[in-house]
Amino acid sequence: MNMWGLTPKFINILEQGFIEFLEKEVSNIKSEYLLPIFIGELLKENRIKVKVLETKDKWFGVTYKEDKEFVKTSFKELIERGEYRENLFEDILN
């Protein structure tokens, strides 16, 4: 699982790359602008650097509707163990 933390400077690079992508792929409706591929290309060209931060935490993916119950149960267990608050954003919403 990847989670990207992007700087404002990188967002400008990403936007320019998206414009170029649209110009090339305008007629291909199934084309996707994939962040890992774009970042990989920029790394090969030495245009950017990335920093990898590791974590021992578990990630829960929700790809299919069948994943929903497992993820809900998993978060409920994290809340019960005190690893998550029930309202994750209460400290910034008040």
Side-chain angles (χ1 to χ4, degrees):
M1 171 63 72
N2 294 318
M3 181 176 151
W4 300 94
L6 307 171
T7 65
K9 181 180 176 182
F10 181 78
I11 298 298
N12 294 333
I13 295 169
L14 187 66
E15 182 179 19
Q16 182 57 44
F18 188 62
I19 291 168
E20 294 168 11
F21 166 79
L22 288 176
E23 289 170 352
K24 291 179 193 170
E25 300 293 335
V26 69
S27 62
N28 184 355
I29 196 164
K30 293 193 174 198
S31 236
E32 295 182 70
Y33 187 58
L34 300 172
L35 188 59
I37 291 175
F38 182 65
I39 289 175
E41 291 170 356
L42 294 172
L43 285 168
K44 285 180 190 174
E45 297 168 5
N46 291 319
R47 292 180 55 199
I48 63 166
K49 293 180 182 179
V50 298
K51 183 177 181 180
V52 177
L53 304 176
E54 295 185 27
T55 180
K56 60 183 177 190
D57 292 327
K58 184 173 182 178
W59 290 78
F60 303 105
V62 182
T63 304
Y64 305 102
K65 66 181 177 181
E66 295 82 10
D67 299 332
K68 182 179 177 181
E69 284 309 310
F70 170 75
V71 173
K72 283 176 62 175
T73 301
S74 298
F75 275 107
K76 185 175 185 251
E77 291 170 3
L78 289 169
I79 291 167
E80 288 170 357
R81 290 196 308 259
E83 295 181 42
Y84 269 70
R85 291 185 300 230
E86 191 154 356
N87 181 350
L88 290 177
F89 304 107
E90 67 187 344
D91 57 335
I92 61 172
L93 295 176
N94 293 327

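Index from 1, following the sequence.
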If I take atom [atom1] from residue [X] and atom [atom2] from residue [Y], how far apart are they, to the nearest 0.5 angstrom?
X     : Y     : atom1 : atom2 : answer
Leu78 : Thr73 : CG    : OG1   : 11.0 Å
Leu34 : Glu41 : CG    : CD    : 10.0 Å
Glu69 : Lys76 : CD    : NZ    : 11.0 Å

Determine all donor-acceptor pairs shorter than 3.5 Å in which one atom belongs to a side chain in residues 22-30; sequence neighbours excluded.
{"residue": "Glu25", "atom": "OE1", "partner": "Ser31", "partner atom": "OG", "Å": "2.7"}
{"residue": "Asn28", "atom": "OD1", "partner": "Lys30", "partner atom": "N", "Å": "3.1"}

With sequence neighbours excluded, tell me which residues meet side-chain hydrogen bond (donor to acceptor under 3.5 Å, both in side chains) with Asn87.
none

Phe89, Phe75: one ILVMFWY side-chain cluster at the under-4.5 Å cut-off?
yes

Do Leu14 and Ile39 make a side-chain contact, defined as non-hydrogen atoms from C-beta onward lying under 4.5 Å apart?
no

Who passes ring pair (Phe, Tyr, Trp, His ring centres under 6.0 Å) against Tyr33, sequence neighbours left out?
Phe18, Phe21, Phe38

What are the two closest non-hydrogen atoms of Trp4 and Pro36, and how far apart are they?
CZ2-CA, 4.2 Å

Which side-chain N or O atoms in residues 61-68 pair as donor and acceptor under 3.5 Å with protein atoms at least two apart or in another chain?
{"residue": "Asp67", "atom": "OD2", "partner": "Thr63", "partner atom": "N", "Å": "2.9"}
{"residue": "Asp67", "atom": "OD2", "partner": "Tyr64", "partner atom": "N", "Å": "2.8"}

Let me have the donor-acceptor pairs involving side chains of residues 42-52, under 3.5 Å, with sequence neighbours excluded, atom names and distances please.
{"residue": "Glu45", "atom": "OE1", "partner": "Arg47", "partner atom": "NH1", "Å": "3.4"}

Partner residues of Glu15 under the salt bridge (Lys or Arg N to Asp or Glu O under 4.0 Å) criterion, sequence neighbours left out
none

